[in-house]
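In what follows, every heavy atom counts, from backbone to side chain, and hydrogens, waters and symmetry copies are set aside.
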Amino acid sequence: MTRAEFKRRRSQLMRMMGPGSIAILPSAPVAIRNRDADYPYRPDSDFYYLTGFPEPEAVAVLIPGRKQAEYVLFCRDRDLEKETWNGRRAGQEGACELYDADDSFPIGDLNDILPRMIEQSERVFYAMGCNHELDKQLSEWISTIRNQGRAGVHGPLEFVALDHYLHDMRLYKSRSEIKAMRTAAKISAKAHRRAMQFCRPGLMEWQVEAELVHECARQGGRFQAYTPIVGGGANGCILHYVENSAELQSGDLLLIDAGCEYEYYASDITRTFPVNGRFSPEQKALYELVLKSQAAAIEQVRPGNHWNDPHDAVVKVITKGLVELGILKGRVSSLIKKEAYRPFYMHRAGHWLGMDVHDVGDYKIDGKWRLLEPGMVLTVEPGLYIPAGSKGVAKKWWNIGIRIEDDVLVTKDGHDILSKDVPKSVEEIEALMAG
């Protein structure tokens, strides 16, 4: 993202806030992995969306109409000794010169400076519950300010949920954001193709995962957007299986749900394919049913349709198909009404996608499903899962877990599948795996 993009976002939010307001956004804290080792640092998505600032121990403050500085960034000051051990810091000078803050103060001065900014405001925009330490500080500051009422200090009269405004902004992707997401999807597509070509019986799930993660990293997607799911056979029937520790068996399917992050934007792709390169008749029948349901759902992704239309399309196709295969019995309409498909398809057909893999944004407005609009990005991911012991289901279907997931952009004329570079028809997959 360019500096102009971050500035545009801040300006848009401050226009919505109006004069007399203050917005306070903390970055994410450092997360300890074990003892003195940290997880790789990743800033809070809301904070980074507005600032582009990648360091921990930072708080952004926006004050629309403030003459001396509308955008103030509290961050760590320069410390050559600590930077020698743990990496460079922007400091106050860098916060202004590199990240366009109007003014910057050391994070250690937050308790002295920010309360004075708050007491001059009428409304506080803040996401309560995201940073418990700052929640506590803010409560203490407000209490102190209100106790000064007899001295003529009134402070803010209204608290507004910042995430309500900010998350609606994040739901609509700009050209720069779409470019980043398209790149993330292309990198992940190459990784999924590599995993298909590498896969063979006798390998461990983690070995296939390693090929996928390596390909993402070498293409510029150094970090995964979430922990990869690499589940062979019965493990493919566990929706969030992340152990990735079993040996792959000939005759089983392998389900991979994985996607890299590029410039802080996520991809999210799932493919299911045979470990030995050839679908069995039962695997093929269920796979093509899921694929047909996904095609029907993607066709519903266009402006003017509502969020639930793709899911409804999946349910209709899958229920009808399960009846035709003898797995469900009865009238399709009645089975849909009583959700008879849920033992085999228990999740929804997708979710918003953006800086977070399960991205922000309301799915309903005033109790009604939200209409799809250009610039929104969602996943479309139907599945079927038939674990061993499924009551009333013939054994030939057992331990077949299938999910097919793509990243789909809503365009002005319909949709664009960002992850289309990964094969998904039976013929394409078998041809790729045959080499």
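- A salt bridge links Arg271 with Asp406; the closest basic N to acidic carboxylate O contact falls under 4.0 Å.
- Other residues, nucleotides and ligands contribute over 12 non-hydrogen atoms within 6.0 Å of the NZ atom of Lys364.
- Between Asp407 and Arg182 there is no salt bridge, since none of the side-chain N atoms of the basic residue sits less than 4.0 Å from a carboxylate O of the acidic one.
- The closest donor-acceptor contact from the side chain of His167 to the backbone of Gly361 lies at 3.5 Å or more, if one exists at all.
- Side-chain atoms of Arg10 never come within 3.5 Å of backbone atoms of Tyr71 as a donor-acceptor pair (strictly under, hydrogens ignored).
- A donor-acceptor pair under 3.5 Å is formed between the side chain of Gln283 and the backbone N or O of Ser280.
- Aromatic pair Phe344/Tyr385: ring centres not closer than 6.0 Å.
- Side-chain contact annotation: Ser27 with Tyr41, donor-acceptor N/O pair under 3.5 Å present.
- With a 6.0 Å radius and a threshold of 12 heavy atoms from other residues, nucleotides or ligands, Arg278 has its CZ atom at or below the threshold.
- Put simply, the side chain of Leu378 reaches to within 4.5 Å of the side chain of Val410, judged on heavy atoms.
- Not less than 6.0 angstrom separates the ring centroid of His164 from the ring centroid of Phe125.
- A salt bridge does not link Lys190 to Asp421: none of the charged side-chain nitrogens sits closer than 4.0 Å to a carboxylate oxygen.
- No donor-acceptor contact under 3.5 angstrom links the side chains of Asp257 and His240, judged on distance only.
- Residues Glu177 and Tyr172 bring no donor and acceptor atom of their side chains to less than 3.5 Å of each other.
- Checking Cys260, Ser267, Pro228 one by one against Cys216, the side chain to side chain contact (heavy atoms under 4.5 Å, CB included) holds for a single residue, Cys260.
- With a 6.0 Å radius and a threshold of 12 heavy atoms from other residues, nucleotides or ligands, Lys7 has its NZ atom at or below the threshold.
- A 6.0 Å sphere centred on CD of Glu427 holds more than 12 heavy atoms belonging to other residues, nucleotides or ligands.
- A 4.5 Å side-chain heavy-atom check between Trp397 and Ile327 finds at least one atom pair inside the cut-off.
- Taking the ring centre of Tyr49 as origin, the terminal cationic atom of Arg9 falls inside the region bounded by 6.0 Å and 45° from the ring axis.
- The side-chain heavy atoms of Leu248 and Asp252, taken from C-beta on, include no pair separated by under 4.5 Å.
- Between Arg42 and Glu261 a salt bridge is recorded (basic side-chain N to carboxylate O distance below 4.0 Å).
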Would Thr379 and Asp268 count as a side-chain hydrogen bond (donor to acceptor under 3.5 Å, both in side chains) if you check the C-alpha gap in whole Å, the side-chain angles of each, and the deciding distance to 0.1 Å?
-> CA-CA 7 Å; Thr379 65; Asp268 185 3; 4.9 Å; no
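- With respect to the salt-bridge test (charged N to carboxylate O, under 4.0 angstrom), the residues Glu428 and Lys424 do not qualify.
- Here the side chains of Asp359 and Asp356 are in contact, with some heavy-atom distance below 4.5 Å.
- One finds a salt bridge joining Arg194 and Glu215 here, because a Lys/Arg side-chain nitrogen approaches an Asp/Glu carboxylate oxygen to under 4.0 Å.
- Ionic pairing of Asp168 and Arg370 is present here: one or more N-O contacts between side-chain nitrogen and carboxylate oxygen are shorter than 4.0 angstrom.
- A 6.0 Å sphere centred on CZ of Arg8 holds more than 12 heavy atoms belonging to other residues, nucleotides or ligands.
- Formation of a donor-acceptor pair under 3.5 Å by the His192 side chain with backbone atoms of Ala258 is found in this model.
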Could you check Met14 against Met16 for side chain to side chain contact (heavy atoms under 4.5 Å, CB included), going step by step and ending with a plain yes or no?
-> CA-CA 5 Å; Met14 285 192 285; Met16 291 191 291; over 6 Å; no
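- Between Asp100 and Arg3, at least one side-chain nitrogen of the basic residue sits less than 4.0 Å from a carboxylate oxygen of the acidic one, meeting the salt-bridge criterion.
- A 6.0 Å sphere centred on CZ of Arg222 holds no more than 12 heavy atoms belonging to other residues, nucleotides or ligands.
- In Lys173, the NZ atom is crowded: over 12 heavy atoms of neighbouring residues, nucleotides or ligands sit closer than 6.0 Å.
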Could you give me the CA-CA distance, side-chain angles and deciding distance for Tyr48 and Phe6, then say whether ring pair (Phe, Tyr, Trp, His ring centres under 6.0 Å) is met?
-> CA-CA 9 Å; Tyr48 189 85; Phe6 294 113; 5.6 Å; yes
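- Using modelled atom types and a 3.5 Å distance limit, the side chains of Trp141 and Asn111 yield a donor-acceptor pair.
- Using modelled atom types, one finds a donor on one side chain and an acceptor on the other under 3.5 Å when comparing His351 with Glu381.
- Using a 4.5 Å cut-off on side-chain heavy atoms (C-beta onward), Leu372 and His306 make no contact.
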